[in-house]
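Remember, predicted model here, so these are calculated numbers, not experimental data. The sequence lines fix the lettering, A, B, ..., with proteins before strands; numbering per chain opens at 1.
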2 protein chains.
Amino acid sequence: MATIREVADKAGVAPASVTRVLGGYPNVSDELRERVLTAVREVGYEPDLVAAGLRRGYTKTIGMIVNDILNPVVAQMVDVVEDELRVAGYGVILANSNGQSAHDLVNLRLLHQRRVDGLIASVADDTNPDLIATMAGLPIPVVLLDRQIELENLSAVLSDHRYSARALANHLIDHGHRQIAIISGATSAYPSRERVTGVLDVMRERGLPVRPEFQVSGRGSEEFASRSLSSIMDQPEPPTAIIIGNGNTAALVGVLHELRRRGVQIGVDIAIAAAEDGPLVSLYTPAITAVERDIIDLGRRAARMVLAQLAKDTLRAQTIVLPTRLVIRESTDWTLPAPALH
Amino acid sequence: MATIREVADKAGVAPASVTRVLGGYPNVSDELRERVLTAVREVGYEPDLVAAGLRRGYTKTIGMIVNDILNPVVAQMVDVVEDELRVAGYGVILANSNGQSAHDLVNLRLLHQRRVDGLIASVADDTNPDLIATMAGLPIPVVLLDRQIELENLSAVLSDHRYSARALANHLIDHGHRQIAIISGATSAYPSRERVTGVLDVMRERGLPVRPEFQVSGRGSEEFASRSLSSIMDQPEPPTAIIIGNGNTAALVGVLHELRRRGVQIGVDIAIAAAEDGPLVSLYTPAITAVERDIIDLGRRAARMVLAQLAKDTLRAQTIVLPTRLVIRESTDWTLPAPALH
DNA sequence: GTCTGTTCTGAAAACGATACCGGAAAGTCA
DNA sequence: TGACTTTCCGGTATCGTTTTCAGAACAGAC
């Protein structure tokens with residue numbers, strides 16, 4: 001592997017001059033620039049960003065921690081972040097925690113040891129005290145992506161999940177539902193936490209019973225979702241509406257499979273709503289009510305926020321909240337007949 | 001940020017001893033190890049992997065180039081690769097090319113400059129001569145993931161797309177279809193190339209007409225897919241079966257939307273098959289025939305192949321092909337009535 | 001011709017960790 | 001006891017790049 005010194009020797013100049021040419025510094029004569037560039041081509045020189053990183057003190061890489069890359073929404077965030085950062089000259093080191101907070105902790109340490117210049121994090125559990133303590137001490141800009149930790153040095157880009165959860169609860173109640181169940185992801189992460197809070201708030205405000213056995217939260221696996229649904233539907237006086245408060249496709253699939261197996265008809269026997277929009281819910285028969293939000297915007301803002309803080313060395317951390325929108329479809333757009341009086 | 005020297009000073013030892021303790025080398029007395037470890041804790045030392053990388057000559061990172069991370073199948077590959085490599089102590093730098101071969105080239109250079117120890121690549125265009133030339137010269141182990149380039153130094157893990165494409169074509173013909181169209185991704189990437197080859201081969205073998213206007217390939221966007229379908233269906237004597245030869249969800253969605261818009265009924269007017277299995281195709285009404293394969297296995301083998309080549313310094317490149325399986329569902333599981341004779 | 005001020009270039013010192021080398025101490029064997 | 005091996009540890013060169021500093025070359029002004 002050719003080094004800068006070989007280039008310098010070939011061109012008959014000092015290594016420093018090669019740096020000046022390649023770095024685009026102004027004080028270089030045309031003649032020297034020419035000599036260096038041809039030498040670079042001749043020896044096939046590729047700069048060593050590891051060595052440069054050590055000397056410079058920054059690496060031009062950003063770490064990205066995600067919860068679950070199998071979630072299409074998360075994949076989309078990764079996509080846009082990676083894209084936005086690449087054009088700014090940054091590489092992205094991706095770390096997936098698969099929903100396990102312990103993984104987040106080791107990933108955080110590893111990224112720090114790799115000396116990333118900044119961090120975009122969508123951790124599994126934003127209430128983990130160890131994680132919070134570690135994050136508080138990081139000497140680099142950190143942007144939380146759809147996660148909330150109250151710390152001076154952390155920025156965040158959030159979606160307003162509570163708003164859409166409230167809208168959904170009101171919509172269901174307006175259509176005659178009184179027994180509403182919610183199967184959500186772990187409430188140790190902001191989105192599910194907000195969704196559950198929003199729904200329960202509305203139910204209380206409108207005087208509806210909140211039955212604890214109708215509120216299940218946990219891992220977003222297919223099995224967990226279908227088991228949860230089962231236990232809920234086996235209760236006396238089962239719910240007439242189910243809210244899936246987990247953006248993961250697997251959770252939705254688990255519920256749909258179990259409903260099919262039981263012969264429960266969506267739009268007739270039961271109303272269903274999903275936490276996240278996508279082709280599966282919009283093309284399903286019947287089409288499923290879901291929450292829509294601009295993922296591209298979310299990811300882009302997170303990326304730009306890190307870049308901004310990196311540019312002007314010290315920039316206050318900030319938090320922004322982006323809107324969500326309820327898309328009503330056939331699965332909930334019908335009214336439950338009033339119960340017969342006895 | 002604490003350095004190894006500060007730790008050494010605090011513990012009253014030489015920097016080299018700190019390295020020995022932290023690196024788990026055998027020749028260290030318990031007493032010195034103890035002193036070093038407490039010093040490490042006291043000053044809050046975190047090793048600098050950038051500096052270590054420079055000195056050691058390897059970075060403990062693997063580059064991963066992917067075509068389109070929005071494709072759920074690709075996301076799953078990223079997931080398993082990242083997982084497998086993390087437990088082996090490697091970090092993953094992800095680079096997404098969004099289907100553009102030019103991006104692949106810059107990503108390749110960037111990863112090389114970052115001195116990744118190995119590369120797992122699922123590039124946009126595995127026929128690009130520039131890319132092939134660059135890859136031929138890489139001094140690190142490279143494993144192609146579902147891509148095929150005939151070079152001595154490149155390994156590959158492939159799926160047998162041709163097999164399933166042939167099975168699908170035979171299945172359709174057996175059910176009375178004579179006019180079969182295929183909308184595929186760019187044939188400059190191995191999977192679509194193989195699928196198209198497989199289908200056309202079978203059609204020729206069984207003496208069916210291969211109409212060039214029924215064979216479209218290009219970007220896997222929703223718009224492209226629906227436009228392609230439109231132009232195909234507007235031909236005289238339109239096809240009775242459509243093969244979607246692109247694993248991307250967007251392509252499938254485009255076709256489904258357009259069929260809905262036109263009021264063409266799947267399973268009655270037309271047969272549909274998808275290139276890749278998933279919740280959307282299995283839960284759609286009617287359920288859609290698709291090709292299933294073990295993505296986890298694919299990704300895991302690619303990861304392990306890089307690791308193996310990294311472990312024993314020189315290991316011949318190898319290629320393995322993994323099976324695919326056709327899952328027949330309602331969308332094709334019906335027989336086309338014989339045409340009325342005139 | 002000297003002096004000042006640009007503009008360009010080279011020498012050398014870092015950045016932080018590791019690997020090599022050699023020396024000291026401790027153990028082994030005759 | 002002496003010679004020899006083994007174990008442990010410190011000093012220091014080194015990885016490839018960038019940055020700082022100072023000097024060289026040159027021009028223009030007096």
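Using modelled atom types and a 3.5 Å distance limit, the side chains of B:Asn128 and B:Ser101 yield a donor-acceptor pair. With 3.5 Å as the limit, one finds no donor-acceptor pair spanning the side chains of B:Asp68 and B:Asn96. A side-chain donor-acceptor contact under 3.5 Å links B:Thr59 and B:Asp117. Side-chain atoms of A:Asn98 and B:Asp83 include a donor-acceptor pair closer than 3.5 Å.
A 4.5 Å side-chain heavy-atom check between B:Arg86 and A:His103 finds at least one atom pair inside the cut-off. Using a 4.5 Å cut-off on side-chain heavy atoms (C-beta onward), A:Pro191 and A:Arg147 make contact.
Remark: C1' of C:dC15 and CZ of A:Arg115 are 12 Å apart, rounded to the nearest angstrom. Taking atom OH of residue A:Tyr25 and atom C1' of nucleotide C:dG10, one finds them 16 Å apart after rounding to whole Å. At whole-Å resolution of the value, CG in B:Asp9 and P in C:dA17 are 12 Å apart. Between the C1' atom of C:dA17 and the CZ atom of A:Arg114 lies a distance of 15 Å, rounded to the nearest Å. Atom-to-atom, CZ of A:Arg5 to P of C:dA13 comes out at 13 Å; the value is rounded to the nearest Å. Rounded to whole Å, atom P of D:dC15 lies 14 Å from atom CD1 of A:Ile4.
Electrostatic pairing of B:Glu6 and B:Lys10 does not count as a salt bridge here, judged by no charged N lying under 4.0 Å from a carboxylate O. Between A:Asp297 and A:Arg301, at least one side-chain N (NZ, or NE/NH1/NH2) sits under 4.0 Å from a carboxylate O, which counts as a salt bridge.
Atom CD1 of B:Ile65 and atom CG of B:Leu108 lie 4.5 Å apart (nearest 0.5 Å).
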Worksheet item: So A:Met1 and B:His112, side-chain contact (heavy atoms from CB on, under 4.5 Å) or not? Walk me through it.
Response: CA-CA 11 Å; A:Met1 211 105 61; B:His112 181 206; 3.4 Å; yes
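For the contact set between residues 40-61 of chain A and DNA chain C, defined by any heavy atom under 4.0 Å, the members are A:Leu54, A:Arg55.
Counting only distance, with no hydrogens or angles, the side chain of A:Ser17 and the backbone of A:Val13 share no donor-acceptor pair below 3.5 Å.
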Show me the protein contacts with nucleotides 8-10 of chain D, counting only N or O atoms at under 3.5 Å.
residue	atom	partner	partner atom	Å
D:dC8	OP2	B:Asn27	OD1	3.3
D:dC9	OP1	B:Ser29	OG	2.6
D:dC9	OP2	B:Ser29	N	2.8
D:dG10	OP2	B:Ala14	N	3.2
D:dG10	OP2	B:Ser17	OG	2.5
D:dG10	N7	B:Arg20	NH2	2.8
D:dG10	O6	B:Arg20	NH1	3.4

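Axis angle between the ends of the helix from C:dG1-D:dC30 to C:dA30-D:dT1, five pairs each and rounded to 10 degrees, works out to 50°.
Between B:Thr19 and C:dT18, a side-chain N or O to OP1/OP2 separation shorter than 4.0 Å is present.
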